[in-house]
Amino acid sequence: MSKKLLSCVLFVCCMLSGCASARELSQRVIVNALAVDKSGEEYVLTAGWLTSAQTQDVGFETGFFEGRGETLPDAAQALRDEAQRSLFFGHNATVVLGGTIRGDLDPVLRFLTASEDVRVNAAIYLFDGNAGELLRTKTDARSFGDAVEALRTQGAAQNDVEAQLYDIANGAFGAGAIGYLPVLERSPLETSAAQEETLHKLNCTSVVVVCGGRVASTLSEEQTQGLLLLENKAAQLRLETESCEAFLLEEPRCSLCVEGTAEAPRVVIRFFGQVRGIYKKDISVEAAEAAIKKILAAAYSGCVGCAGVDFFALSEIAENALDGRAAERLRADAAAMPARAEIYTEIHGS
C-alpha cells in the first residue's frame, strides 16, 4: 500500500471515530456568570448556568450551583462536586464580587487571574450586597449573564463604566498600584399588576478605587463621568451645565502627562471635544467647557485623594522619568504628586 493511500485511510478513520473524550451536550452546563462572596471564614462561589432543555418548547434551562470552602480552590472544587456535570466556563463573560470581600480583594483577584476557568477579558463588577443573591435576580433577559451583556453593549450610550478582569488585576497588584472596579446596581422595572414576579434592571454609574488589594474610596457619579473621559472610554456623554442645560459631548479625547521637575512636578490634562445642544437648542461653549472641567477635576482629585498617586498618570510617569528619577520611586512617594491638575480644553460647538 502506497504512503499516499495509507494516509487517506488513516484520515478517514480519524474522521469517523470522533473524539473519544468528548462529552455529550446534555452532560455539560455552560457557566455565563460567576459570583464571589465570603460568609464568615468561608469563600462562596456561585455559578449561573444555562444548558439545552430536554423539552423542545423551552429551548434552554437555567440554574445555579454553589460551592463553599475555606480557600477559593476548595470552594471551586465544591462547586464542581455539586454540579455533578462538566462545567464549561468558555462563555463566562461576567464576574461579580460581593461586598463582604471589598476589604480583602487581593487573594480573590489573584485566584481569578490564575484560574484557567475565568476569562481574563470577563467584565468584573463589585456589588455592595450578596453577589450570589444578585445572580438570582430576575431580569428581562433570559439569564443574569445576558442582562450584563446587554448592559455592556449599551454602556457607552448610558454613560456606564466597564472594567475587565485584566484591567483591575494589572492595576491592583504591586506597591502603589491602583485600579478601579465598576459598582453594579439594580432597580425594579415597572411591571403590570398581573405579573407574578418583579423584574429588575441592571445599571452601573459609579466606581470604587482599588489600592493595595482593598477598596480605598468610592467615586461619585460626577467623578465617574470624569473617569470615562480621562480613560478615553466614552464615545458620547450627556452632561449638564450649572444652569441645568443638557448637552451631548461627542468624540471626546483626553491626554494626561506629568511635566516640570521631580521636586516640583505638575499634572497637565488636555481635553478636546465637540458639544451639541439637545433638541436643537444652542449651548454656550463657555458653559459646556466649565462643566467638562468640573468633572475632570473631580475625577482627578477623587483618585489622587484616596492614595496620593494618580493611577491615570502611571504610564506617563514611567515615560517621563522626571529628571532621571525612577518611576517606581515616584509612584511610592505619594506626597510628590500634585493634588490638582491643570486642565486645558479645546471645545467646539455645533
Side-chain angles (χ1 to χ4, degrees), residues 125-126 151 154-163 167 171 178-185 203-211 215-258 266-279 281-316 337-350:
Y125 300 91
L126 179 70
L151 177 69
Q154 302 169 9
Q158 297 176 347
N159 295 354
D160 288 337
V161 67
E162 177 191 283
D167 292 325
I178 304 174
Y180 64 87
L181 262 177
V183 179
L184 201 59
E185 302 164 351
N203 56 74
C204 177
T205 57
S206 63
V207 302
V208 295
V209 178
V210 179
C211 181
V215 174
S217 71
T218 301
L219 300 187
S220 66
E221 184 173 349
E222 180 183 62
Q223 291 170 328
T224 302
Q225 288 180 322
L227 166 65
L228 289 171
L229 294 184
L230 286 169
E231 289 279 79
N232 286 310
K233 289 189 175 181
Q236 184 184 82
L237 278 181
R238 185 184 186 279
L239 302 175
E240 288 186 354
T241 65
E242 285 191 358
S243 57
C244 297
E245 293 178 289
F247 66 93
L248 292 178
L249 179 59
E250 298 178 330
E251 299 182 2
R253 293 291 179 270
C254 198
S255 66
L256 187 152
C257 63
V258 181
R266 63 193 184 102
V267 174
V268 177
I269 297 173
R270 291 185 173 85
F271 175 83
F272 307 88
Q274 184 165 324
V275 298
R276 178 167 60 86
I278 298 178
Y279 305 121
K281 289 185 178 180
D282 292 334
I283 184 75
S284 165
V285 172
E286 291 75 16
E289 183 178 38
I292 293 166
K293 283 186 175 182
K294 182 181 177 183
I295 65 171
L296 287 173
Y300 180 83
S301 63
C303 296
V304 172
C306 74
V309 182
D310 177 52
F311 69 93
F312 306 108
L314 295 185
S315 60
E316 285 79 5
M337 287 300 295
R340 298 179 61 184
E342 300 174 28
I343 303 175
Y344 298 91
T345 59
E346 183 178 321
I347 308 295
H348 303 280
S350 62

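Since this is a predicted model, take the numbers as computed values, not measurements. Atom set for the values below is all heavy atoms of this structure, side chains included, hydrogens, waters and symmetry mates excluded.
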List in chain and number order the residues that pass salt bridge (charged side-chain N to carboxylate O under 4.0 Å, His left out) with [X], two or more places apart in sequence or in another chain; answer none if no residue qualifies.
| X | value |
| --- | --- |
| K294 | E222 |
| E342 | R266 |
| R253 | none |

Minimum-distance pair of heavy atoms, taken over all atoms of [X] and [Y]:
| X | Y | value |
| --- | --- | --- |
| I269 | C254 | CG2-SG, 3.6 Å |
| L249 | F271 | CD2-CZ, 3.6 Å |
| A299 | L227 | CB-N, 3.5 Å |
| C204 | P182 | SG-CB, 3.3 Å |

Residue list, side-chain contact (heavy atoms from CB on, under 4.5 Å) with [X], at least two apart or on another chain:
| X | answer |
| --- | --- |
| A297 | I343 |
| E245 | T241, S243, I283 |
| A246 | R238, E240, I278 |
| E251 | none |

Mind checking side chain to side chain donor-acceptor pair (under 3.5 Å) for [X] and listing every partner two or more places apart, or none if nothing turns up?
| X | answer |
| --- | --- |
| S206 | none |
| E289 | T345 |
| T218 | none |
| E286 | S284 |

Output the distance between atom [atom1] ([X]) and atom [atom2] ([Y]), rounded to the nearest 0.5 Å.
| X | Y | atom1 | atom2 | answer |
| --- | --- | --- | --- | --- |
| L248 | L239 | CG | CG | 8.5 Å |
| I292 | I347 | CD1 | CD1 | 3.5 Å |
| L228 | L237 | CG | CG | 6.0 Å |

* Please examine the side chains of T224 and V183, heavy atoms only from C-beta on, and report whether any two atoms are closer than 4.5 Å. =>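 Contact flag for V183/T224 side chains = no.
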